[in-house]
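Given the structure is predicted, the values throughout are model-derived calculations rather than measurements. Keep in mind that the numbers below use all heavy atoms, side chains included, and drop hydrogens, waters and symmetry copies.
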Amino acid sequence: MKKLQSKLPDVETSIFSVMSAMANEVGAINLSQGFPDFPIDIELKKKVIEGLAAEQVQYAPMPGRIDLRIEIANKMAIQHQAEFNPLTDITITSGATQAIYSTLTAFINNGDEVILFDPAYDCYAPSVLLNGGVPIHLELKHPTYHIDWDEVEAHISGRTRMLIINNPHNPTGAVLCEEDFDKLEKIVLANPNLLVLSDEVYEHMQYGSTHLSVLKRKSIYNQCIATYSFGKTFHATGWKLGYAVAPEHLTNEIRKVHQYQVFAANNTMQYAIAAYLKTDQNWQGTADFYQQKRNLFLKEMKGSRLKPLACDGTYFMLFDYSEISQENDVDFAKRITEEFKVATIPVSVFYKKKTDHKVIRICFAKKDETLVAAAKILKQL
C-alpha cells in the first residue's frame, strides 16, 4: 500500500478540543471554547417545534430557503441601509466556516496567495492550503491588534488573490474603523484581481461603535464576500447555520462549490430562524446583552493580576498574565485548568509563528453566575 501523504501535515487536534476535553476531565469552568452556557430564546425554540410540526424536514433549496434569504435582506437593509437581492446575493450555509471554505474553494487555485492576519481564526490557513493556496501570515500589532496597512500593501504581488479580514476580530476583540476601510478600499481599487473575504460573524457584538461591513463600500463591492453566523447571533452554535453575501457573479461560483459540499443546510433550522426574524428585530439587543456580560466580568476581575486588554467586539477577551508567570501561554493555560479549574485558550496557537505575548483568551458568553465564579478563582492567581 502506498504511504499516505497528509494534506495538512502540520495540523494537530484543535486547541479548543484539547482545552474543552481537559476542562471536562478535571471538572473546570470552561471559558475556553466559544459557546454559551445559557438557553436560547424560548420563542426561537417554539419556531423549531413549529417547523417540525409543519414537516419542514426535507431538503431545503440549494441556495437556502427563500423566506430566510428575504428576511436576511430585510435585516441588512435596516442594519446597513443597503439593498441585497435575496435571489442572487445570499446563500445559506452550514455555518460560517462552511461559507468560508466554499468561498476559498471557489476562488483559490494552486499557488494563489491569501493574506491573513495572525492571531487568526484557525480555519483560514488550513482551508487555503487544502485548495492549493499559499497563506501569507501578517501579524496584527500587539497590544492593540491593529492592521499595518503599509505592510499589507508591501506584501501584495501578482500572485495575491485574496485578503481575509475578521471584523470584529476573534480572538483579540479588536474592530476595524472607517480609516481601516479607507485604506483597504485604496488597496483593492489598485488591485482589480484581488478579492476580500470578510468574516463578520460577530457583527452584533460590537461595543461603543457601529459595526462596519465591507459590503457597504460600493466602490469595491464587486470584489467582496462577507460571511455570517446565526449560531453566534442567536446563541445556538451547534445548529451550524450561517450565510454568505456577495455580488451575483461571485455568489454563482460559491454556490457551485456549496452544492457539492453540503447541497443544503438544515431545513428545519432555516424555517425556525426565518419565522423568528419575521416576528421582530431580535438581533438588535445582542450587543447590549454581551456588553453587560463583558462589563460584569471586568468588574469581577478588578484587583486581579490578569490584566485585561481592550475588547471592543466579539464575546472574547484577552488577559495579559505576565505579572503572574513567564511560562509559555500553552503551559500556563493548561496549568491553571488543572490547578485552578478554569479553562482558557492560549493565544499563541492562533499564530503561524506561535508568537507568545503572554496572553490568554477568555470567553464571556456564559451565565452571570459562571462568570462570577470563574473571576473569583482567577483572582487567586
Side-chain angles (χ1 to χ4, degrees), residues 41 43-44 47-48 50-51 56 59-96 98-100 102-103 106 167-168 181 195-206 210-234 236 239-259 262-287:
D41 187 349
E43 294 303 318
L44 182 52
K47 298 304 180 187
V48 176
E50 184 180 295
Q56 299 297 304
Y59 294 122
M62 181 273 289
R65 293 178 63 102
I66 189 58
D67 55 353
L68 180 53
R69 287 183 280 151
I70 288 171
E71 292 304 322
I72 292 170
N74 291 340
K75 168 184 172 294
M76 297 188 78
I78 296 168
Q79 186 181 358
H80 296 304
Q81 299 79 52
E83 292 187 8
F84 300 93
N85 188 327
L87 293 174
T88 60
D89 301 349
I90 300 169
T91 305
I92 310 302
T93 58
S94 296
Q98 189 242 311
I100 291 165
S102 292
T103 298
N167 181 44
F181 280 97
L195 296 176
V196 177
L197 172 55
S198 184
D199 178 355
E200 301 181 12
V201 299
Y202 298 100
E203 59 174 334
H204 297 304
M205 300 170 207
Q206 185 161 326
T210 301
H211 175 253
L212 302 174
S213 173
V214 71
L215 299 177
K216 290 191 70 174
R217 292 279 168 153
K218 293 183 180 179
S219 64
I220 60 172
Y221 173 66
N222 281 334
Q223 292 167 252
C224 295
I225 307 102
T227 58
Y228 300 92
S229 167
F230 288 119
K232 298 291 190 295
T233 300
F234 296 134
W239 288 6
K240 294 297 295 178
L241 199 63
Y243 56 101
V245 181
E248 182 175 3
H249 69 286
L250 298 180
T251 293
N252 286 341
E253 297 306 311
I254 293 168
R255 287 179 180 177
K256 288 177 185 178
V257 175
H258 164 74
Q259 70 178 337
V262 299
F263 181 73
N266 187 300
N267 188 27
T268 311
M269 300 313 175
Q270 287 193 52
Y271 172 93
I273 291 179
Y276 187 59
L277 287 172
K278 280 192 182 85
T279 62
D280 194 8
Q281 295 172 23
N282 28 44
W283 42 273
Q284 293 271 31
T286 306

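- A donor-acceptor contact shorter than 3.5 Å links the side chain of Ser229 to the backbone of Gly231.
- The CG atom of Leu195 lies 11.0 Å from the CD atom of Glu253; values are rounded to the nearest 0.5 Å.
- Although no hydrogens or angles enter the test, the distance criterion places a donor-acceptor pair under 3.5 Å between the side chain of His249 and the main chain of Asn222.
- The heavy-atom pair separating Gln284 from Ile78 by the smallest distance is NE2-CG2, 4.3 Å.
- When the shell of 6.0 Å around CD of Gln81 is examined, it contains more than 12 heavy atoms from other residues, nucleotides or ligands.
- Side-chain atoms of Gln56 and Gln270 include no donor-acceptor pair closer than 3.5 Å.
- Using modelled atom types and a 3.5 Å distance limit, the side chains of Ser102 and Gln98 yield a donor-acceptor pair.
- No side-chain donor-acceptor contact under 3.5 Å links Asn266 to the backbone of Leu241.
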Check the pair Thr88 / Thr251 against side-chain contact (heavy atoms from CB on, under 4.5 Å), numbers first and verdict last. CA-CA 7 Å; Thr88 60; Thr251 293; 6.0 Å; no
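- Between the side chain of Gln259 and the backbone N or O of Phe263, no donor-acceptor pair lies under 3.5 Å.
- There is a side-chain donor-acceptor pair under 3.5 Å between Tyr271 and Glu50.
- Exactly one residue among Tyr276, Trp283, Tyr228 makes a ring pair (Phe, Tyr, Trp, His ring centres under 6.0 Å) with Phe234. That residue is Tyr276.
- Looking at heavy atoms from C-beta onward, Thr103 lies out of side-chain contact with Leu250 at the 4.5 angstrom threshold.
- Pairing each heavy atom of Phe84 with each of Ala73, the nearest pair is O-CB, 3.4 Å.
- When every heavy atom of Ala60 is checked against every heavy atom of Ala265, the shortest pair comes out as CB-O, 4.0 Å.
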Report the C-alpha distance between Leu212 and Gln206 in whole Å, list the side-chain angles of each, state the deciding distance to 0.1 Å, and finish with yes or no for side-chain contact (heavy atoms from CB on, under 4.5 Å). CA-CA 10 Å; Leu212 302 174; Gln206 185 161 326; 5.6 Å; no
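- Across Val245, Ile225, Leu197, Ile220, a single residue satisfies side chain to side chain contact (heavy atoms under 4.5 Å, CB included) together with Val214, and that is Ile220.
- Between atom NZ of residue Lys278 and atom CG of residue Asp67 there is a gap of 4.5 Å, rounded to the nearest 0.5 Å.
- Checking side-chain atoms of His211 against main-chain N and O of Asn167 turns up a donor-acceptor pair under 3.5 Å.
- Two residues are said to be in side-chain contact when any heavy atoms from C-beta on lie closer than 4.5 Å; Phe230 and Leu68 meet this criterion.
- For the atom pair Leu44 CG and Trp239 CH2, the distance stands at 3.5 Å (nearest 0.5 Å).
- Summarising the geometry, atom CD belonging to Glu43 is positioned 10.0 Å from atom CG belonging to Asn282; distances are rounded to the nearest 0.5 Å.
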Evaluate the criterion side-chain contact (heavy atoms from CB on, under 4.5 Å) for residue pair Lys75 and Gln281; output intermediate values, then yes/no. CA-CA 8 Å; Lys75 168 184 172 294; Gln281 295 172 23; over 6 Å; no
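- Note: Arg69 CZ to Asp89 CG = 10.5 Å, rounded to the nearest 0.5 Å.
- At least one side-chain heavy atom of Tyr243 sits under 4.5 Å from a side-chain heavy atom of Ile72.
- Residues Tyr202 and Thr233 form no side-chain contact, since every pair of their non-hydrogen atoms from C-beta on lies 4.5 Å or further apart.
- In this structure, CG on Asp199 lies 4.0 Å from OG1 on Thr227, to the nearest 0.5 angstrom.
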Show your reasoning for whether salt bridge (charged side-chain N to carboxylate O under 4.0 Å, His left out) applies to Glu71 and Arg65. CA-CA 10 Å; Glu71 292 304 322; Arg65 293 178 63 102; over 6 Å; no
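- In terms of modelled atom types and a separation under 3.5 Å, the side chain of His258 and the main chain of Thr93 share no donor-acceptor contact.
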Should Lys232 and Glu203 be marked as a side-chain contact (heavy atoms from CB on, under 4.5 Å) after you check the CA-CA gap, both sets of side-chain angles, and the distance that decides it? CA-CA 9 Å; Lys232 298 291 190 295; Glu203 59 174 334; over 6 Å; no
